[in-house]
Amino acid sequence: MKYLLVCTAFLFVFSCKNSHNTTKPTTDTDISAISTKEYTEFKVLDSKYINTDELWQPFHKDLEAFTEKEYQALKPLILEQDIPTLQAHIQNGNLTYENLTKFYLYRIRKFDRENALSLNSVISLNPNVISEAQQKDEALKNRMRKHLIFGMPILLKDNINTATMPTTAGAVAFQNNTTADAFIVERLKENGALILGKANLSEWAYFFCGDCPSGYSAIGGQTLNPYGRKVMDTGGSSSGSGVAVAANFCVAAIGSETSGSILSPSSQNSVVGLKPTIGVLSRSGIIPISSTLDTPGPITKNVTDSAIVLDAMLGYDGNDSKSMSTNWDNGSLYENFDDHTLRGKRFGAFKELLEDSLYVRALTDLKSKGAIIIEIDEEKVKLPGFIRLLNLDMQNDFPSYVEASGDPSLHLKSIQDVIAFNKKDSITTMPYGQKLFEGVVTDRASEAEFDEIKTILKTNGRLFFDTPMETLSLHGFLSVNNYHAGAAAVVEYPAITVPMGYKDNGEPKGLTFIAKPLSENDLLSWAYAYEQASHRRMAPKNYN
């Protein structure tokens with residue numbers, strides 16, 4: 001199984017249950033089209049669709065009085081701090097939600113676009129966010145804070161619906177896709193979070209072009225890695241979310257994953273990314289790839305914040321076929337961390353990864369906290385039909401999203417409609433082509449064949465993980481970045497990646513924990529204990 005498996009983000013869902021033509025596409029087993037690519041030259045860098053004057057016009061008056069001096073004074077209180085620390089500063093009167101929000105807006109304006117350090121990580125900003133922050137300050141005086149997410153500015157990957165900004169998926173065709181809030185956005189707002197804006201992404205969650213770099217979208221331009229602009233891959237498809245968190249443009253961001261699209265950009269940008277068990281978080285109101293495999297998840301600078309943000313999005317959604325009630329929404333995810341939680345836990349470490357010195361060092365860190373490391377060989381199983389699963393899901397799931405959650409005025413109801421739209425101006429709408437979308441519309445399967453594809457994938461995924469887990473009594477697995485994201489995806493296993501250091505050239509890497517479904521409490525606890533034992537994350541030096 002190849003490591004840089006799938007950086008698909010996760011957003012569209014369709015099944016070919018009414019089709020009886022069983023023509024197979026040529027991409028049956030080839031997953032290279034949705035894998036991370038080491039591009040260093042780009043056809044397009046800056047967005048042709050974002051007008052920075054228009055982007056910042058709503059904030060001119062409010063930011064006029066926010067000076068560089070005030071920004072510098074706030075940096076020690078905000079930069080790299082976790083949510084409990086930020087809330088303590090606010091409770092103590094050293095900080096306000098309004099100034100916290102202005103601080104992030106100032107940094108985005110300072111660093112994100114049209115300058116020598118630009119990262120192109122933010123697509124749009126909530127024009128009301130400063131007034132909403134002022135309201136949070138008033139509400140705090142009345143003791144209305146009920147959750148730690150209260151007043152925290154959050155960026156959403158731009159495939160997640162919110163009422164204050166269009167949801168574009170990075171595509172020109174959806175530039176004016178005006179929607180209501182997604183279910184998880186409703187939950188964030190109910191708990192008091194501030195929606196700061198929308199983050200760039202690999203267009204259509206990296207299931208669009210095939211021959212294109214991670215982090216590119218026609219609307220957002222090319223997202224760049226703050227640890228190595230134009231040199232290091234950003235990971236996909238939640239590229240803007242990972243970059244924005246790494247560069248301290250927000251408290252946290254929400255990404256989405258089908259197979260590796262949270263884990264990849266999080267590890268590539270030295271932040272924490274959690275891909276939950278499918279069904280723990282609602283997918284309603286999120287542009288889909290696959291209703292079988294998609295899930296949103298938090299991207300944060302530390303494990304504590306990941307637990308807090310996850311907690312703030314929990315809730316059963318009757319409109320999501322996989323949604324489940326977890327009974328976790330009582331603070332248990334983040335209030336009971338224990339540095340000693342690794343003691344006696346048995347983890348499978350893949351022998352194929354032991355040539356990686358950062359991985360070996362991470363294993364030593366885990367052993368120092370009492371973990372038991374069992375070296376294992378990878379089970380020799382494949383994931384046949386993985387691309388076909390995504391194709392067949394997307395054929396039905398995309399129209400379902402448009403009907404239930406999209407903007408009907410766009411008159412784009414299918415992938416075929418988007419393909420036709422892009423062909424009208426291919427240079428600006430699809431400079432890298434749309435090979436994967438073309439594969440979606442040509443794939444066909446009967447209901448029985450589609451069910452067989454899903455069954456084989458899940459069976460093989462279980463063989464990959466469950467065989468050593470049961471034979472060796474393992475609690476979980478230890479991987480790197482998104483190397484085993486495909487196998488984890490097909491068995492719906494949750495995973496979390498934590499910064500584990502940097503290669504000689506400064507490129508970040510992450511240690512990734514994988515465990516059985518609904519093991520989020522364990523994953524967060526293990527990740528927290530490792531984080532406290534190692535403290536590997538370093539902020540990108542040019543953005544301090």
Side-chain angles (χ1 to χ4, degrees), residues 42-72 74 98-134 153-179 194-201 203 215-224 226 229-230 234 239-241 243-245 247-250 253 407 409-410 425 427-429 431 542-543:
F42 308 103
K43 291 183 179 180
V44 179
L45 194 62
D46 295 319
S47 170
K48 294 178 172 62
Y49 293 90
I50 295 176
N51 183 312
T52 53
D53 289 336
E54 292 178 2
L55 181 69
W56 290 104
Q57 191 277 329
F59 308 105
H60 282 330
K61 184 177 179 180
D62 285 313
L63 290 181
E64 273 181 352
F66 192 87
T67 64
E68 176 71 14
K69 182 178 180 181
E70 186 169 3
Y71 165 74
Q72 293 293 339
L74 289 174
E98 179 182 356
N99 277 344
L100 178 65
T101 301
K102 288 180 177 178
F103 177 88
Y104 289 125
L105 289 170
Y106 191 93
R107 279 184 67 81
I108 293 169
R109 188 175 63 178
K110 185 181 181 75
F111 290 119
D112 199 47
R113 290 193 179 269
E114 298 181 357
N115 64 75
L117 294 173
S118 61
L119 299 172
N120 299 335
S121 66
V122 177
I123 279 183
S124 59
L125 294 167
N126 174 7
N128 308 314
V129 70
I130 292 178
S131 62
E132 291 170 2
Q134 292 167 345
I154 307 295
L155 286 173
L156 305 173
K157 182 178 180 178
D158 200 14
N159 62 344
I160 302 171
N161 286 357
T162 187
T164 50
M165 292 157 282
T167 300
T168 73
V172 179
F174 264 40
Q175 186 176 14
N176 298 310
N177 181 33
T178 303
T179 71
L194 293 168
I195 305 304
L196 179 63
K198 306 295 280 291
N200 201 6
L201 69 162
E203 190 166 335
Y216 170 76
S217 77
I219 294 292
Q222 179 64 54
T223 310
L224 300 171
R229 291 179 73 257
K230 304 182 186 179
T234 60
S239 314
S241 298
V243 168
V245 171
N248 282 271
F249 290 164
C250 55
D407 188 336
S409 70
L410 296 180
D425 185 7
I427 293 175
T428 56
T429 61
N542 291 329
Y543 300 87

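Here the structure is a predicted model, which is why all the values come from computation and not from measurement.
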By side-chain hydrogen bond (donor to acceptor under 3.5 Å, both in side chains), which residues pair with Thr167, not counting sequence neighbours? Asn161, Lys198

Could you give the distance from OG (Ser47) to CD (Gln222), rounded to the nearest 0.5 Å? 12.0 Å

Output for pair (Asp46 CG, Leu224 CG), nearest 0.5 Å, gives 8.5 Å

When rounded to the nearest 0.5 angstrom, what distance separates OH in Tyr543 from NZ in Lys110? 12.0 Å

Show the nearest heavy-atom pair for residues Ala218 and Val172, with the distance to one decimal. CB-CG2, 3.7 Å

Side chain to side chain contact (heavy atoms under 4.5 Å, CB included) with Asn200: which of Leu155, Ile123, Leu119, Ile50? Ile123

Going from CG on Leu125 to OG1 on Thr101, what distance comes out if it is rounded to the nearest 0.5 angstrom? 11.5 Å

Of all heavy-atom pairs linking Ile219 and Gln175, the shortest is CD1-CG, 3.8 Å

side-chain hydrogen bond (donor to acceptor under 3.5 Å, both in side chains) with Glu132: which residues, sequence neighbours excluded? Asn126

Is Phe111 close to Pro226 at the side-chain level, that is, under 4.5 Å between some pair of heavy atoms? no

Please tabulate, for side-chain N and O atoms in residues 55-66, each donor-acceptor pair with protein atoms closer than 3.5 Å (sequence neighbours left out).
none

Search all heavy atoms of Asp53 against all heavy atoms of Asn51 and return the closest pair with its distance. N-OD1, 3.0 Å

Neighbour count above 12 (heavy atom, 6.0 Å) for Lys43 NZ: yes

Short side-chain to backbone donor-acceptor contact, Arg107 and Asn248, under 3.5 Å: yes

Residues at least two apart in sequence or cross-chain that pass side-chain hydrogen bond (donor to acceptor under 3.5 Å, both in side chains) with Thr428, listed by chain then number, are Tyr49, Asp425

Between Tyr104 and Pro153 the two heavy atoms that sit nearest each other are CD1-CG, 3.9 Å

Output the distance between atom OH (Tyr71) and atom CG (Asn99), rounded to the nearest 0.5 Å. 13.5 Å

For Asn177 and Thr168, indicate whether the former's side chain and the latter's backbone hold a donor-acceptor pair under 3.5 Å. no

Partners of Glu54 by salt bridge (Lys or Arg N to Asp or Glu O under 4.0 Å), sequence neighbours excluded? none

Value rounded to 0.5 Å, distance of CG in Leu45 from NZ in Lys230: 5.0 Å

Might you point out which heavy atoms bring Phe249 and Asp112 nearest each other, and give the distance in Å? CE1-OD1, 3.4 Å

Holding to side-chain hydrogen bond (donor to acceptor under 3.5 Å, both in side chains), I want the full list of residues that pass it with Asn176, two or more places apart in sequence or in another chain. none

Please report the shortest heavy-atom distance between Ser241 and Lys157, naming the atom on each side. OG-CB, 3.7 Å

Under 4.5 Å between any side-chain heavy atoms of Leu105 and Val129, yes or no? yes

So does Pro166 get a backbone contact from the side chain of Thr178, meaning a donor-acceptor N/O pair under 3.5 Å? no

What do the steps show when you test Met165 against Ile195 for side chain to side chain contact (heavy atoms under 4.5 Å, CB included), and what is the final call? CA-CA 10 Å; Met165 292 157 282; Ile195 305 304; 3.9 Å; yes

For side chain to side chain contact (heavy atoms under 4.5 Å, CB included), just list the numbers for Val245 and Cys250, CA-CA rounded to whole Å, side-chain angles, deciding distance to a tenth of an Å, and then say yes or no. CA-CA 6 Å; Val245 171; Cys250 55; 3.9 Å; yes

